[in-house]
Each structure stands twice: as structure tokens, then as C-alpha cells.
Amino acid sequence: MSSGGHRGGLNMLGVDVCLDEDKLTNAPHCPHGPALLFERYIGDTVETRRTQQYYGCSACRDRKDCDFFQNVGEKVSEASQKAREMRNNAQQPWKSHADCYSRYTRTMNAKEQERRYCHQCSLFIMPDEIKLHRNHNVTHGLSLAQMQKPSHLLKPIENKKTNAQYLFSDKAVDFLLDTISKLGFKKVLCVGAPRIHEAIQVDKLKGLESLLLDLDHRYGQFYPPDLFCRYNMCNHYFMDGDESQDVFRKFLNNDEDDDIVMVTDPPFGGLVEVIGFGVKWIMETWKQINNKDDKSSLPTMWVFPYFLESRIKACLPSFTMLDYKVAYDNHPLFQNKAKGNKKGSPVRIFTNIDASKFVLPKQEGYRYCSPCTRYVSSENHHCKQCQACTSKDGSTYKHCDVCQKCVKPSYTHCITCQRCELPTHSCNKMLQGCHICGASDHKRRECPNRGHHQRPNQSNTKKRKHQGGVSTPPKSQKLSGQTKTVAVSNQDTAQRKNISSDMKQSTSGVQKKKARNKKKNKKKWTKS
């Protein structure tokens with residue numbers, strides 16, 4: 001899903017995603033569940049600008065991974081609808097969850113040398129099926145540890161534009177589980193956090209229960225239906241229908257007050273506002289099931305990069321960012337080792353739990369700040385002017401008296417721009433205004449003319465009733481601002497790139513090498 005740019009001679013000014021439970025409920029389906037409604041802005045001037053509304057896949061940003069596309073108002077014939085349903089069904093796992101797990105139990109009872117797993121088919125191999133997988137990628141002689149810890153056996157999906165799987169390091173898992181136990185929680189809802197789930201299932205001595213919600217169907221091989229639900233958090237959809245959703249609701253039902261916590265580690269390429277909408281939906285479901293008042297909130301730990309803090313707090317104002325740097329095993333920059341980012345992992349924990357309750361490990365350099373009443377990283381020094389520990393990216397921030405706030409050490413104050421910027425920045429950079437009316441004092445999502453803007457692709461069309469697993473909160477507890485539009489503009493994308501520039505410096509050598517290889521290949525092609 002494009003976030004702006006030029007395609008086919010048209011000026012793409014950005015894409016909005018409309019977050020509305022009614023639109024989700026009545027949206028057409030792709031293999032990943034209900035599609036999201038997007039609105040694209042096209043045109044060079046305010047007078048010629050127009051919008052295009054369409055449905056696109058909620059899980060995949062790249063059309064190569066899921067090519068679902070349907071304009072709003074487009075009439076889909078009955079034959080096309082049937083063909084779409086057949087295609088969606090064809091892309092689902094070809095074995096049921098119960099059948100997959102029965103294979104696991106039979107493999108578990110076999111001798112170690114007879115245990116086999118086919119990565120190509122995502123299936124445990126039975127003795128009479130060995131010939132069928134002769135030329136496939138098969139792991140033989142599965143140990144007990146591999147059977148109990150599937151994230152160490154399965155090959156991670158590392159597509160950054162879909163469900164990229166970056167897995168917590170052992171240190172990160174230990175810290176999170178120790179913290180959860182010390183805070184007194186008994187149940188852990190693991191949303192896209194398989195390593196937390198498997199650690200709890202292996203070590204029953206901690207007295208914790210867990211349920212894994214994840215889009216990766218392969219985990220259904222290792223866990224029964226009451227421990228794993230195939231779930232798309234970008235549209236809050238349970239892929240296996242009502243039975244799976246009932247397991248989720250039963251798990252959220254508290255026998256005791258405040259004994260459950262949600263830990264979520266969503267793909268970093270996902271839109272923050274879409275993920276935040278899903279988090280709030282789970283929170284609302286928890287409130288409804290347990291008859292909680294509006295002041296209550298499901299304790300949550302959301303693991304995400306620090307440079308998206310403002311976007312997360314815009315969705316969930318009660319959340320604060322901890323200094324703990326979450327490391328991953330299979331990402332070169334998300335590590336706290338010498339071979340990783342020189343400032344350590346850029347991934348942090350965002351939570352609605354009181355930050356003073358988190359004790360960060362002193363052996364890893366964290367210390368307690370008395371004025372802030374919380375633990376901070378070693379490089380995060382307390383600023384007397386700001387009256388806070390202000391560093392966020394792993395460096396020691398410095399205070400700017402003109403801006404009256406702390407900034408990155410690489411920034412200097414620019415008199416022309418009247419703010420701190422990198423010394424190499426361009427002062428002539430124009431800030432984009434509203435794409436609808438052209439005013440510079442607001443963005444299009446706040447434009448008073450938004451509802452009157454031209455939408456040539458809209459027409460009265462019959463809504464398709466949504467079948468299956470979107471869990472809708474009761475009308476009395478609908479999400480505030482349930483019809484919400486989120487802009488994904490060029491400026492938003494540029495801001496992400498500028499904020500994370502320090503992190504990207506570590507991969508500059510690799511990028512230069514790729515550029516040189518690309519140039520060589522281009523020369524070879526030209527010669528031929």
C-alpha cells in the first residue's frame with residue numbers, strides 16, 4: 001500500500017486508512033480476512049485533486065504478497081465472488097488445526113530419530129509419508145527442545161512488508177517473564193509473541209497460563225486449539241471462526257481482578273494506528289466480558305521501535321515508553337551486542353502499567369533515577385531544565401535553551417527554521433499543507449471540507465454481510481471515535497526516515513554495496 005509518490009504519471013499525495021467497525025464488518029474478504037478501506041489522494045493542484053476509495057489487504061503492504069484490490073462501488077458478479085471465495089479457501093492451511101495437532105502428539109510419542117518435520121509443507125511427517133517428502137526441506141531427528149520450542153525449529157518469515165517475524169532474544173524473554181511474575185500476573189495473552197508463549201508452556205513452574213494469537217498457521221502444529229488462535233491483529237479477525245474466538249473470550253474472563261496482561265509484538269511495518277485500533281478492540285472486549293468500568297484498562301506491554309512513540313501515544317495516551325532495549329535474535333540492528341546497532345536495539349516497551357513498577361536489570365547498565373522514580377538506561381542523564389530523563393535513542397541528549405527542550409547530540413539550532421535540526425538539513429524544505437483545500441494550518445484528516453470532497457468512485461452499493469470472526473464490542477461500549485481516518489502521507493514517511501537515520505547508518509555499507517552491484521548489473525544489461 002503506497003504511502004505516496006508518482007505512479008503512472010499521477011501525483012500520489014498519500015493514502016488514508018479508514019478505521020470503522022462497520023466498514024470492517026461489511027468489507028469484502030481476501031485470504032487474510034476482511035479488507036481495510038483506503039482513500040488515495042491524486043492530483044498536482046488543489047483544483048485537480050480527487051480521491052479514490054478502495055479495499056486492500058489488511059496484512060500485506062505489497063501487492064506481490066496479496067494482490068486483493070476492489071474499488072468502492074465496484075460491482076462484483078456472482079461468478080467473480082464465488083471465484084474469490086474459492087481462491088481465499090485455497091490459500092488457507094490444507095489441514096485442520098485438530099489434524100495438525102494430532103500429528104504433533106504422534107510425532108512426540110515417536111523415537112527422536114523417527115521425528116521429522118517438512119518445512120516446505122509445514123507439516124510433521126508420518127512414517128508412511130516419507131517418500132512424499134523425499135526432495136523437500138526436511139529436519140530429521142527432532143529433539144525434545146525443538147518440539148517444545150517451535151520458534152527455534154520453524155524458519156522465520158522475514159518479509160518486512162507482511163508478517164515479518166523477528167524473535168525475542170533469551171535475555172528479553174527472561175526479563176519480560178520475570179517482570180510479569182513480579183507484577184503478580186497469572187495469565188498472559190501473547191499477541192504475535194510466540195517466544196513468550198512457548199517459554200511459559202515449557203516452564204510450568206512459574207505458575208503462568210498463556211494463549212497465543214498469531215497469523216502464522218504453523219504454530220497450530222505445536223499447540224492445541226485452546227492454546228493457539230490464528231488471528232490477524234490488523235483487522236481483529238479470527239481466521240478459524242467462532243470456535244477460535246470463544247477460546248479467546250474465555251481466556252480473557254478473569255477469575256480474579258487484574259491477573260491478566262497482554263504482551264504484543266506486532267510487525268514493525270504495520271501502520272501504528274491500525275495496530276493500535278486492534279489493541280483497543282481487545283481492551284474493550286476485556287472490559288465487556290469482565291463488566292469493567294470506563295476507568296479500567298487491560299494491562300498491556302506493546303513492543304515497538306522508540307521512534308514511533310508519538311504515533312503510539314496519539315492512539316493510546318495512557319501509554320509510556322520504558323528505557324529497556326528489547327533485543328532480537330534474527331535482526332542485525334535489533335541487538336545489544338557489538339555487531340548490532342552501536343546505540344543498542346531501537347526497540348522499546350510501551351505500557352499502560354506504572355513505569356515505576358518495572359525494575360530494569362542493573363547488570364545491563366540500567367540505573368534508578370530518583371527524581372523520575374523509574375529505571376533508565378546508563379546514557380540517559382537527568383536534565384534539570386526539563387526535569388526529566390529525556391534520551392530515547394540510546395545517546396545522551398543535550399538541552400537547547402532556545403527550543404527549551406533536549407535534542408539529539410547531532411542536532412544544532414537553526415535560526416532560519418527556528419528549531420534544532422541536523423547540520424546538513426535543507427532550510428528551504430517546504431512543509432506540505434492540506435491536500436484537500438491547500439491550507440497550511442492543518443492536514444487533510446482535520447480538514448472541515450473533507451466530507452464534501454469529490455469521491456468519483458463512490459456509489460450506492462449493496463453491503464456484503466461479513467461472515468466469521470470479527471469480535472465487535474457491545475454498542476454501549478463502542479470505541480470512542482469509532483469512525484477514524486488515519487493519514488499515511490509523504491511527510492509522515494519522511495519523518496520516520498529522518499527520526500530513524502541514526503539507526504540506518506549501521507547498514508550504510510551494505511546499502512552502498514547493493515548500489516554498486518546494481519550499477520554493475522545495469523552496465524552488463526546495457527552492453528548486452
Side-chain angles (χ1 to χ4, degrees), residues 166 168-169 171-193 195-197 199-200 208 210-211 213 233 252 254 257-268 270 272-273 275-287 292 294-328 334 344-361 364 366-369 372-377 380 388-394:
Y166 300 128
F168 290 144
S169 67
K171 273 189 177 181
V173 171
D174 291 342
F175 168 75
L176 286 166
L177 287 181
D178 287 344
T179 300
I180 288 168
S181 296
K182 288 175 182 176
L183 292 174
F185 296 112
K186 297 290 186 283
K187 298 166 74 174
V188 186
L189 180 65
C190 304
V191 185
R195 285 218 163 158
I196 300 296
H197 178 65
I200 292 173
L208 295 173
S210 62
L211 173 66
L213 307 185
M233 73 178 307
L252 285 185
N254 282 4
D257 288 338
D258 303 324
D259 69 341
I260 184 170
V261 62
M262 173 167 59
V263 178
T264 179
D265 182 30
F268 299 157
V272 176
E273 293 80 4
I275 296 170
F277 192 74
V279 169
K280 287 191 282 188
W281 217 327
I282 292 176
M283 288 178 165
E284 290 296 327
T285 305
W286 172 79
K287 282 184 184 180
K292 297 288 184 178
D294 292 338
K295 294 181 180 178
S296 301
S297 183
L298 173 66
T300 302
M301 299 181 198
W302 178 352
V303 182
F304 227 55
Y306 76 87
F307 48 81
L308 294 170
E309 179 187 19
S310 61
R311 304 284 287 274
I312 292 175
K313 296 195 77 170
C315 297
L316 300 160
S318 64
F319 277 49
T320 57
M321 185 176 78
L322 304 180
D323 271 22
Y324 186 77
K325 300 172 184 176
V326 182
Y328 290 77
F334 299 167
S345 171
V347 184
R348 304 289 185 268
I349 298 171
F350 296 85
T351 181
N352 56 355
I353 304 170
D354 187 356
S356 65
K357 294 182 178 180
F358 289 82
V359 180
L360 307 190
E364 294 182 35
Y366 298 98
R367 58 182 177 79
Y368 185 76
C369 175
C372 294
T373 65
R374 68 182 181 96
Y375 277 82
V376 296
S377 56
N380 195 358
C389 292
T390 55
S391 297
K392 299 180 184 296
D393 70 344

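Any value given below was found using the heavy atoms of this structure, including those in side chains, with hydrogens, waters and symmetry copies removed.
- For Thr320, the side-chain contact (heavy atoms from CB on, under 4.5 Å) partners at least two apart in sequence or on another chain are Thr351, Ala355.
- The two residues Phe304 and Gly270 have their closest heavy-atom pair at CZ-O, 4.4 Å.
- Applying the side chain to side chain donor-acceptor pair (under 3.5 Å) criterion to Asp354, with sequence neighbours excluded, gives Ser356.
- The aromatic rings of Phe168 and Tyr328 are tilted relative to each other, their planes meeting at an angle between 30° and 60°.
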Does the side chain to side chain contact (heavy atoms under 4.5 Å, CB included) test come out yes or no for Leu183 and Met301, once each step is laid out? CA-CA 12 Å; Leu183 292 174; Met301 299 181 198; 4.2 Å; yes
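- Closest of all the heavy-atom pairs between Arg374 and Met321 is NH1-O, 4.2 Å.
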When you look at Ile180 and Val263, which way does the side chain to side chain contact (heavy atoms under 4.5 Å, CB included) test go after all the steps? CA-CA 10 Å; Ile180 288 168; Val263 178; 3.9 Å; yes
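- Between Pro266 and Trp302 there is a side-chain heavy-atom pair separated by less than 4.5 Å.
- Phe350 contributes atom CZ, which lies 9.0 Å from atom CG of Leu322 (distance to the nearest 0.5 angstrom).
- Annotation: side chain of Phe185 is in contact with side chain of Ile353 (closest heavy-atom distance under 4.5 Å).
- Rounding to the nearest 0.5 Å gives a distance of 4.5 Å between OG1 of Thr300 and CZ of Phe319.
- Put simply, NZ on Lys186 and OG on Ser210 are 14.5 Å apart, with the number rounded to the nearest 0.5 Å.
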Test side chain to side chain contact (heavy atoms under 4.5 Å, CB included) on Val376 and Arg367 and set out the steps. CA-CA 6 Å; Val376 296; Arg367 58 182 177 79; 3.8 Å; yes
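- In plain terms, the two heavy atoms of Leu298 and Met283 that are nearest each other are O-CE, 3.6 Å.
- In this structure Lys182 satisfies the side-chain contact (heavy atoms from CB on, under 4.5 Å) test with no other residue, sequence neighbours excluded.
- A donor-acceptor pair under 3.5 Å links the side-chain atoms of Ser345 to the main chain of Val326, judged by distance alone.
- Taking the six-membered ring for Trp and the full ring otherwise, Tyr324 and Phe358 have centroids separated by 6.0 Å or more.
- Between Phe307 atom CZ and Lys392 atom NZ the span is 14.0 Å, to the nearest 0.5 Å.
- Between Glu309 and Arg348 the shortest side-chain heavy-atom distance does not fall below 4.5 Å.
- Across all non-hydrogen atoms, the minimal contact from Asp323 to Tyr366 is O-CE2, 3.6 Å.
- To the nearest 0.5 Å, atom NZ of residue Lys280 and atom CD of residue Glu273 are 9.5 Å apart.
- Once rounded to the nearest 0.5 Å, the distance linking CE of Met233 with CG of Asp265 reads 9.5 Å.
- Applying side chain to side chain contact (heavy atoms under 4.5 Å, CB included) to Ile196 and the options Leu177, Val191, Leu189 leaves one that passes, Leu177.
- Taking all atoms of both residues into account, the shortest heavy-atom contact from Phe268 to Pro305 is CD2-CD, 3.6 Å.
- Proximity of a side-chain donor or acceptor of Asn380 to a complementary backbone N or O of Ser391 within less than 3.5 Å is detected.
- When all heavy atoms of Leu360 and Phe175 are compared, the pair lying nearest together is CD2-CZ, 3.5 Å.
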